[in-house]
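For reference, the structure is listed below as structure tokens.
Since we're looking at a predicted model, the values are computed, not measured.
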Amino acid sequence: LTPQIVKNENVTEEEFARVSENLAFLPGVDVTTDWERRYEYGNTLKTVLGKVTDYDEGLPKEKLDYYLSRDYSRNDRVGKSYLEMQYEDVLHGQKAKERVITDKAGNIVEIEPISEGKRGKDLVLTIDMDLQLAVEKIIEEELRRAKSSAGSYFLDRAFVVVLDPKTGDVLTMAGKQLARNKETGRTEMQDFALGTITTSYNVGSTVKGATVLTGYMTGAISPGTVLYDAPLKIKGTPEKSSWRNFGNLNDIRALRVSSNVYMFKTAIAIGNGYYQHNAPLRLDTEAFDVMRESFAQFGLGSRTGIDLPNEMVGFKGMKKDPGFLLDLSIGQYDTYTPMQLAQYVATIANGGYRVQPRLVKEIREPVDDEEGLGPVVKEIPPKVLNRIELDGSAIRRVQEGFRQVLQNPEGTGYSRFRGANYNPAGKTGTAEAFYDGPLRPNYDAPPEVINLSFVAYAPFDDPEVAISVIVPWAYTGRSGYGSNTIIGRRVLDTYFELKNKGGKETAEQTEEENAADEE
């Protein structure tokens, strides 16, 4: 006696009227309303919101027993991916219940209503839609601009994540991809926000804050340790160096100028190794586990805990040769997702608390008024996953290094952020990587490419926003369009512009309301 839909698309008014007026002669037949999910902002976040099965598809085969045990019917439509699937039990309404009376032959004699149906509850998301739309536009503009520059043949995507570092609220989760439309054959800009948790990349020097903090935690270095930056030559391998020789420098300056050698020597100390020029380098291979476990405390190489299914962890390099530990220390061995990178910088920004990112902050009862919100059923509080086991002064040194990256004339991001009035801190990243995108089957060996990344937070003294930017396969060769810091500057500028605009509008609205009260 489970209802079966005969027709629920393109029903004309005449059809509806003729069936309705003849229900007395159509035992077991009824007319009712059906539902269709509508997304207000078109393709924005569509991949993250997920999909719902259609009537013909019904319950997914792989979860059939799960749903049947919860009183679903086989032809019910349910969320089958991402946010729709994650919160299906909340979004799914209550069915109307009826008592069906049949005669001995099984014919329906009478149907008595028992209870009315009720639509599912509402989710209140953390996304700042004004910021989301603005960031998507920024990505599209800069991706097209970068694509028109030299060496960008493999470039086809870019990602931005914006978090509240204190609560884990995901304010923006944006990704764009230039891909071929299967129907038209034309290349078009498509939503790829899902790529912020399902794709991972070598990110380069943005991870150096985690390397320094790992050095502190293991005792390999101490706050203020000075190391000499000059090229390292390990027997049988190419020379490894920074982008220029810096001589003696401490931890803060090493972050400011993005010294590779400082990180290499920190990694060697973590591995209990001893470096000699042009001699073999022997390290304790357990150092790989030590560094990865430490990085995971920031969210790098571990699931961030975001309330979406199928989050990717990233790929860990399999070999444990000494040189690969050095590569790991500068972000050129393991791969990380844009969401992991955002959680990492948020952890540094807030003083060492790894907060779980969240997309849903409230569940509310449904109301008939489409513009209003019902009573709160459940508030989802921020959740701290772990605390970095270091005293505040150690973390503050890395924070200061990040501040100098963007505010000191010697900093690698200074030229882009000079004049920013919101007191930013951050870290730039450039990684030598191998292309592994859709064109990979065309090549016998993976082409060498450059990945660009950027992390930041602001204001430095009281962080309210943290961001990550990843532009994979940005260009080939030694130099190209620096879209990572360009996107980062534009996103932070936009955040504070929208904030100031909102504050001004709120103040004006309050003045108008006060004036009205006086009248």
Side-chain angles (χ1 to χ4, degrees), residues 202-295 300 316-335 394 397-398 401 404-405 408 410-412 427-434 448-451 477-479:
N202 297 119
V203 298
S205 299
T206 45
V207 308
K208 287 177 178 175
T211 300
V212 170
L213 289 166
T214 301
Y216 296 161
M217 286 188 274
T218 59
I221 59 173
S222 301
T225 292
V226 174
L227 298 174
Y228 189 74
D229 184 317
L232 302 184
K233 181 68 175 72
I234 302 169
K235 187 174 182 178
T237 67
E239 194 174 75
K240 300 176 82 71
S241 65
S242 301
W243 57 278
R244 75 175 177 84
N245 301 337
F246 291 101
N248 285 324
L249 73 176
N250 66 7
D251 45 356
I252 291 178
R253 185 167 180 242
L255 291 171
R256 181 172 79 218
V257 300
S258 201
S259 165
N260 287 343
V261 174
Y262 195 96
M263 308 305 150
F264 295 156
K265 291 187 174 182
T266 299
I268 291 171
I270 292 171
N272 298 312
Y274 178 71
Y275 169 75
Q276 281 185 304
H277 181 76
N278 205 29
L281 178 62
R282 293 180 176 85
L283 297 173
D284 186 347
T285 57
E286 290 184 2
F288 284 90
D289 296 330
V290 170
M291 287 192 67
R292 284 168 174 159
E293 288 172 5
S294 175
F295 277 31
L300 296 173
K316 294 177 173 59
M318 299 297 291
K319 296 181 179 181
K320 292 190 175 182
D321 299 341
F324 292 129
L325 184 70
L326 309 191
D327 293 338
L328 178 62
S329 73
I330 61 169
Q332 298 199 163
Y333 195 43
D334 291 357
T335 65
R397 287 193 69 85
V398 172
Q404 292 188 21
V405 167
N408 185 290
E410 194 182 27
T412 55
K427 186 74 188 74
T428 59
T430 304
E432 297 175 0
F434 292 103
E448 295 183 7
V449 292
I450 297 296
N451 294 346
R478 297 186 62 85
S479 62

Pairs under 3.5 angstrom only: tabulate donor-acceptor contacts from the side chains of residues 260-267 to other protein residues two or more places apart or in another chain.
from: N260; atom 1: OD1; to: K208; atom 2: NZ; distance (Å): 2.7
from: N260; atom 1: ND2; to: S241; atom 2: O; distance (Å): 3.2
from: Y262; atom 1: OH; to: T225; atom 2: O; distance (Å): 2.7
from: Y262; atom 1: OH; to: D251; atom 2: N; distance (Å): 3.4
from: K265; atom 1: NZ; to: Y228; atom 2: O; distance (Å): 2.6
from: T266; atom 1: OG1; to: Y262; atom 2: O; distance (Å): 2.8

CG (L300) and OG1 (T335) are apart, to the nearest 0.5 Å, by 11.0 Å

What's the separation between atom CD1 in I252 and atom CG in N408, rounded to the nearest 0.5 Å?
10.5 Å

Under 3.5 Å donor-acceptor pairs involving side-chain atoms of residues 269-282, not counting sequence neighbours:
from: Y275; atom 1: OH; to: K233; atom 2: N; distance (Å): 2.8

Please round to the nearest 0.5 Å and tell me the distance separating atom CZ of F246 and atom CD of E410.
6.5 Å

Treating T214 as the side-chain partner and A210 as the backbone partner, does any N or O pair qualify as donor plus acceptor under 3.5 Å?
yes

Side chain to side chain donor-acceptor pair (under 3.5 Å) with E432: which residues, sequence neighbours excluded?
none

So how far is it from K240 NZ to L326 CG, rounded to the nearest 0.5 Å?
5.5 Å

What's the spacing between S259 OG and I330 CD1 if we round to 0.5 Å?
10.0 Å

Charged N to carboxylate O below 4.0 Å: is that the case for K320 and D289?
yes

Spacing of CG belonging to D284 relative to CD1 belonging to I268, to within rounding of 0.5 Å:
13.5 Å

For L328 against M291, the heavy-atom pair lying closest together
CD2-CB, 4.0 Å

For the residue pair S258 and T412, confirm or rule out a side-chain donor-acceptor distance under 3.5 Å.
no

